[in-house]
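Inspection log for the structure reproduced underneath, given as structure tokens.
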Amino acid sequence: MSKKILMVDDDADDAQIFEEALLEMDPAVIFYRAWDGQEALDSLEQKKIEVPHLIFLDINMPGMNGWEFLKLIKKNAFFKHIPVIVYSTASLQREADIAEDLGAFGFLSKPHDFKEVKLITKKITEYLNGNFPELKEWCREWAFRNPL
Amino acid sequence: MKWIGAFTDIHDQKESEQKLEALVAQRTLDLERSNEDLQRFAHVASHDLKEPIRKIKTFASRLQDELKNSINEKGKLYLDKVQSATDRMFTMIDGVLIYSGINASEQPIENVDLNKIMKDIETDLELLIQQKAAVIQHHQLPIIEGASVLLYQLFYNLINNSIKFSKPYESPVITLTSNIIEEEGIVMARIIVEDNGIGFDAENAEKIFDTFARLHSKDKYEGTGLGLALCKKIIQRHKGDIYARSEPGKGSQFFIFLPLRQEQHFV
């Protein structure tokens, strides 16, 4: 069965780069994309998409932002089991802490380099295929690379 | 009964004094406000600036990846230049963010053991210390009241500078000494950070604390020009003082004065 990833991000470039890197790592992955929290929630609730194995969530979005979406999804009996990785420009420890408090699986600051995007998608696909159970710890280390 | 003396009406004088005081108070308030606005602007602007730069960097690396087999040497060089320029821009923006953030957010006062701060810094700079074979000496530094995040940043910047501006063929030796002094009734820790680096001209001793001040070209020494400005800001917020002494080729000395006790609950 193909693995499915939902990316919630209003930034078309970021989503495109991520999708390209992801499909390069694993062409069989199904990639869904929503522009903001509301669209993502609607797609899930109205079954426009299948339940993803992982959600990548931006924070700063017009409409419903990432924090609001994260709170709602973690209260929803059908979807709260989906691991959510907060994927944001912010590289502050405070943001990573909030993400953890709200029940996110991990926090990754958006990389500046395509190689790093590829590294992230590599780890993700390995995790989804059961070959990288340490993803959570890996995310934590990533967040600490930018201590400020 | 009679009295002799002069009678002067000082009503006008008093009135104009009061007017002047009110004016000064208003101006100070205006100035504080515009300062806050400026800091907020710096914070927002630098945060938003990061976004397009991240894109430039990501797409430049994407292009590099895309062309990896077909790009010629010249093309590769140009792309590398784009990368290093954006890297520098990033560091500067981060510097502004930290600088404006440090001005903006209040930090609670706590007891800060400067020995522990130094240990943390040595751990965080481990790689650099190893690379340059740097020696950092300190013992029995005081425990002072202050904001540990800020004091960490202060000593981190100073130590980092001392290592960065070391002589090319001499390992950096950095020594921290301290004593307790009393100045105008305030008990202060006086900490001297001394190194054997390249030093600087005495006439630049004040200039180095200005924002974006740099004494060397960025090609020679990387940096934002904000490190020491940040140090000064942090010390001012702790009601302390800092000054520097140096001679080219003869190392530098930074004299830091920090009160042992803070009257304020936040800095």
Side-chain angles (χ1 to χ4, degrees), chain A residues 7-25 27 35-36 56-62 65-67 86-98 107-122 140-148, chain B residues 43-44 46-68 79-80 82-102 104-105 107 120-121 123-127 148-150 152-153 156-157 160 224 226-227 230:
Chain A
M7 176 165 241
V8 192
D9 196 336
D10 62 314
D11 192 313
D13 294 332
D14 284 342
Q16 187 206 333
I17 282 260
F18 189 85
E19 185 180 5
E20 281 174 14
L22 184 67
L23 294 179
E24 205 173 298
M25 287 303 147
W35 286 90
D36 76 335
F56 261 72
L57 177 66
D58 184 30
I59 294 304
N60 263 325
M61 292 180 285
N65 72 25
W67 297 134
V86 171
Y87 190 58
S88 153
T89 316
S91 53
L92 295 165
Q93 188 53 46
R94 189 164 48 91
E95 254 93 358
D97 290 342
I98 297 173
F107 177 94
L108 294 172
S109 56
K110 286 183 181 174
H112 310 153
D113 196 302
F114 189 59
K115 279 193 210 96
E116 294 185 350
V117 184
K118 286 213 275 196
L119 182 65
I120 290 177
T121 54
K122 181 167 178 270
R140 201 164 286 150
E141 270 171 41
W142 184 279
F144 276 107
R145 292 183 334 150
N146 299 307
L148 280 159
Chain B
H43 191 80
V44 171
S46 40
H47 195 271
D48 289 353
L49 274 174
K50 264 183 126 166
E51 203 50 56
I53 295 161
R54 189 173 57 80
K55 291 280 177 68
I56 295 172
K57 230 173 114 47
T58 311
F59 279 102
S61 66
R62 181 83 186 85
L63 191 63
Q64 219 153 14
D65 190 75
E66 190 71 33
L67 300 176
K68 59 179 174 252
L79 275 177
D80 283 345
V82 172
Q83 286 288 5
S84 67
T86 43
D87 277 345
R88 206 159 60 229
M89 185 91 190
F90 246 114
T91 330
M92 291 183 77
I93 288 177
D94 272 338
V96 175
L97 266 177
I98 298 168
Y99 188 76
S100 60
I102 272 188
S105 58
Q107 300 286 339
D120 291 345
I121 292 169
T123 310
D124 291 343
L125 285 174
E126 198 180 349
L127 203 68
S148 62
V149 191
L150 299 184
Y152 171 89
Q153 186 93 48
Y156 181 96
N157 287 356
N160 197 27
T224 57
L226 283 170
L230 211 59

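Below, chain A is the first sequence line, B the second, and so on; all start at residue 1.
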### Leading residue by heavy atom contact count with chain B [cutoff under 4.5 Å; candidates A:Asp14, A:Val117, A:Asp11]
A:Asp14

### Task
Can you sort out the partners of A:Phe114 under ring pair (Phe, Tyr, Trp, His ring centres under 6.0 Å), two or more places apart, ordered by chain and number?
none

### Task
For B:Met89, look at atom CE and say whether over 12 heavy atoms of other residues, nucleotides or ligands are found less than 6.0 Å away.
no

### Task
Return yes when atom NZ of B:Lys55 has more than 12 non-hydrogen atoms of other residues, nucleotides or ligands closer than 6.0 Å, and no otherwise.
yes

### Query
Among A:Asp13, A:Thr89, A:Asp113, whose side chain to side chain contact (heavy atoms under 4.5 Å, CB included) with B:Arg54 holds?
A:Thr89

### Message
To the nearest 0.5 Å, what is the distance between NZ on A:Lys118 and CG on B:Asp65?
### Response
3.5 Å

### Query
Atom NZ of B:Lys57 and atom CD of A:Glu116: how far apart are they, to the nearest 0.5 Å?
7.5 Å

